[in-house]
Structure formats: structure tokens, C-alpha cells
Amino acid sequence: MGNRRTYGPNREDPVRGSADNAMEFPRLLALLLIVLEWTRPGLLSPLKPICDLRVLNHFIKEARDAEVAMKSCREGCGLTEEVTVPQTTVDLDVWEKKNAQDQAQEVQTGLWLLQQALGSLRTSVTNTALHGHIDNNIRNLPSISAVLRSLNFPDYAPPSSAAGLEGTWQVSSASELLQVHVNFLRGKVRLLLLDAQACQPEVS
């Protein structure tokens, strides 16, 4: 029986104090500015590989912040229709048998689905306190795609619609959607970045 891993909410993560967050934020902000600099339109030099997982960790933190905020929301915080999201359960035996391009295609498709789903959520939600969280996460998804491009994964051509895509399911609540978002970043996106060839040390 293969190793099967579901990336659910990590209830054992230590809760850092506000002082730790204040110290860490400038470093993460600097890393994000580097991402934006390397992905500016018209930049002549090729993208440098972005292998520092602290960039992804920042995106995961903002996804978790949105999930926590949604759980405390009482009014104007629902989806008006079902949305299609990627599966987050990882069968490691199956995953490791795929080549890097197939893994990247699966992750890029998942990021595209999440962008569409979060866009629908932004339209549905009327609670203004949640708008900032949702907007941050919508902006983060293209930045994650830029990180993948820096690692020499092929450019992704999104489908015309989510109909017929494999490895997807439907969710009808905002909480489910945001939980999927966190789990996808913690699972398949992290696995792809950890194994990216461009980030492996050269063997002499």
C-alpha cells in the first residue's frame, strides 16, 4: 500500500509571538521584492532560480491567515456557487513516478483552478474585513507561478474551462476552499519546489 499523505491544517505548528513576526516580516518582504524584480516585463536577463522556501512559507502564512479570518466570519462570507478546486491528497508513490514536467503541469493547473475559485469567492463575499485577505492570496498565485518559471518549468497554457479536468473536485463553502488552498501550497507545491532540478546542489 503506497504512502498516502493528506496535507490538512497543522494544529501543532508553534504560534509565534508578534515580536517574532515583526522581525521576520522585513526579510520576507525583501524576498518578495526580489521575486517581483525578476519577473518584471521587459527584463533582459533570464530569471534566476528562486529556491528559498521562505518565499513559499510567506504565501502559506497568508493563506492560513485567510482561513482563520474566514472561520471567525459570521455574515457575508459565503460562496454563492460551487467552485472547482484541485485534489490535495498526495500519493507519494504515484507522485514520485511522474516526471518533473508532469508534476509541474499538475501544480500549475491547481494554481490556475485556485485563482479562478478565489476570484469567485471575492465576488461572493460582502464582508469587507475578508476582502484584503482574499486579494492578497489572489495576488500571490501569479507570484508562485513566477517562481516555477524561474525553475525552468515549461510555460503553462491554462484551459478554456475547468470542465473535464482530472484530479479536481467541487467545494461549496468558503472555508473548504481556503482549506484546500492552504493544503495545496503545503503539499504539491512544496514537493515540486523541494525536488526542482534547478535547486539541487551540483555534484562534482
Side-chain angles (χ1 to χ4, degrees), residues 2-10 28 31-32 34-36 38-39 46-67 83-121 134 136-171 176-200:
N3 296 321
R4 194 168 182 82
R5 184 178 303 171
T6 301
Y7 288 85
N10 187 350
L28 292 171
L31 290 167
L32 291 175
I34 290 171
V35 172
L36 295 174
W38 283 342
T39 56
L47 292 177
K48 300 176 183 178
I50 304 169
C51 301
D52 194 330
L53 286 178
R54 286 176 297 180
V55 175
L56 177 61
N57 290 341
H58 176 78
F59 296 141
I60 292 172
K61 179 184 181 302
E62 292 205 330
R64 283 175 173 164
D65 289 345
E67 183 185 14
V83 293
T84 303
V85 295
Q87 293 282 356
T88 59
T89 302
V90 181
D91 185 327
L92 291 178
D93 289 339
V94 174
W95 177 262
E96 290 169 359
K97 289 176 183 177
K98 296 180 179 181
N99 61 43
Q101 290 189 2
D102 288 342
Q103 291 174 350
Q105 178 81 10
E106 185 171 336
V107 167
Q108 289 165 322
T109 299
L111 293 174
W112 177 80
L113 286 169
L114 287 170
Q115 189 164 18
Q116 306 307 304
L118 288 173
S120 295
L121 177 62
I134 299 170
N136 283 342
N137 284 283
I138 291 174
R139 285 193 297 265
N140 288 345
L141 291 171
S143 296
I144 297 173
S145 296
V147 170
L148 298 184
R149 288 198 303 274
S150 82
L151 300 177
N152 301 321
F153 289 117
D155 288 338
Y156 177 69
S160 57
S161 75
L165 288 178
E166 296 182 358
T168 66
W169 59 300
Q170 302 283 316
V171 297
E176 285 179 300
L177 166 56
L178 294 176
Q179 185 177 57
V180 166
H181 182 208
V182 172
N183 292 346
F184 191 75
L185 299 186
R186 292 180 64 234
K188 291 181 181 179
V189 176
R190 181 179 289 275
L191 285 173
L192 183 65
L193 296 182
L194 284 171
D195 294 335
Q197 185 63 40
C199 293
Q200 303 307 311

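As the structure is a prediction and not an experimental result, all values here were calculated from the model.
Judged by distance alone, the side chains of Gln197 and Asn152 never bring a donor and an acceptor atom under 3.5 Å apart.
Between atom CG of residue Asn137 and atom CZ of residue Arg64 there is a gap of 12.5 Å, rounded to the nearest 0.5 Å. Summarising the geometry, atom CZ belonging to Phe184 is positioned 12.0 Å from atom OG1 belonging to Thr89; distances are rounded to the nearest 0.5 Å. Rounding to the nearest 0.5 Å places CD of Glu96 at 8.5 Å from CG of Leu191.
Taking 4.5 Å as the limit, every side-chain heavy atom of Leu113 sits out of range of all side-chain heavy atoms of Val85. Annotation: side chain of Leu118 is in contact with side chain of His181 (closest heavy-atom distance under 4.5 Å). In this structure, the side chains of Leu121 and Leu178 come closer than 4.5 Å at one or more pairs of heavy atoms. The closest side-chain heavy-atom distance from Leu148 to Tyr156 is not below 4.5 Å. Contact of the Ile144 side chain with the Val55 side chain is not registered, since no non-hydrogen atoms from C-beta on lie closer than 4.5 Å. Between Gln87 and Thr168, the closest side-chain pair of non-hydrogen atoms is not below 4.5 Å.
Of all the heavy atoms in Gln103 and Leu192, the pair that sits closest is CB-CD1, 3.8 Å. Minimum heavy-atom separation, Phe59 to Leu185: O-CD1, 4.0 Å. The two atoms that bring Phe153 and Ala100 nearest to each other are CE2-O, 3.9 Å, heavy atoms only. Taking all atoms of both residues into account, the shortest heavy-atom contact from Trp169 to Pro86 is NE1-O, 3.3 Å. Nearest approach of Leu111 to Ser145, heavy atoms of both residues: CD1-OG, 3.9 Å. In terms of heavy atoms, Val107 sits closest to Lys188 at CG2-O, 3.7 Å.
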Item to check | Residue pair Arg186, Asn57: steps toward the side-chain hydrogen bond (donor to acceptor under 3.5 Å, both in side chains) verdict | outcome: CA-CA 9 Å; Arg186 292 180 64 234; Asn57 290 341; over 6 Å; no
Checklist entry - Do Leu151 and Cys199 pass the side-chain contact (heavy atoms from CB on, under 4.5 Å) test, and can you show the C-alpha distance, the side-chain angles, and the key distance before you say yes or no? => result CA-CA 8 Å; Leu151 300 177; Cys199 293; 3.5 Å; yes
Item to check | Working for side-chain contact (heavy atoms from CB on, under 4.5 Å), residues Val94 and Leu92 | outcome: CA-CA 5 Å; Val94 174; Leu92 291 178; over 6 Å; no
Next on the checklist: Could you go through Arg190 and Leu56, starting from their C-alpha distance and side-chain angles, then the distance that decides it, and tell me whether this counts as side-chain contact (heavy atoms from CB on, under 4.5 Å)?
Outcome noted: CA-CA 8 Å; Arg190 181 179 289 275; Leu56 177 61; 3.9 Å; yes
Item to check | Criterion side-chain contact (heavy atoms from CB on, under 4.5 Å) on Glu106 and Trp95, from CA distance to verdict | outcome: CA-CA 10 Å; Glu106 185 171 336; Trp95 177 262; 4.0 Å; yes
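Listed for the Asp102 side chain is no donor-acceptor partner under 3.5 Å among the backbone atoms of Lys98. Gln115 contributes no side-chain N or O that, together with a main-chain N or O of Pro142, makes up a donor-acceptor pair within less than 3.5 Å. Judged purely by atom type and a 3.5 angstrom limit, Gln116 has no side-chain atom pairing as donor or acceptor with the backbone of Ala162. With Gln108 contributing its side chain and Pro154 its backbone, the two residues share a donor-acceptor pair below 3.5 Å.
Under 4.0 Å is where a charged nitrogen must lie from a carboxylate oxygen, and between Lys61 and Asp65 at least one such pair does.
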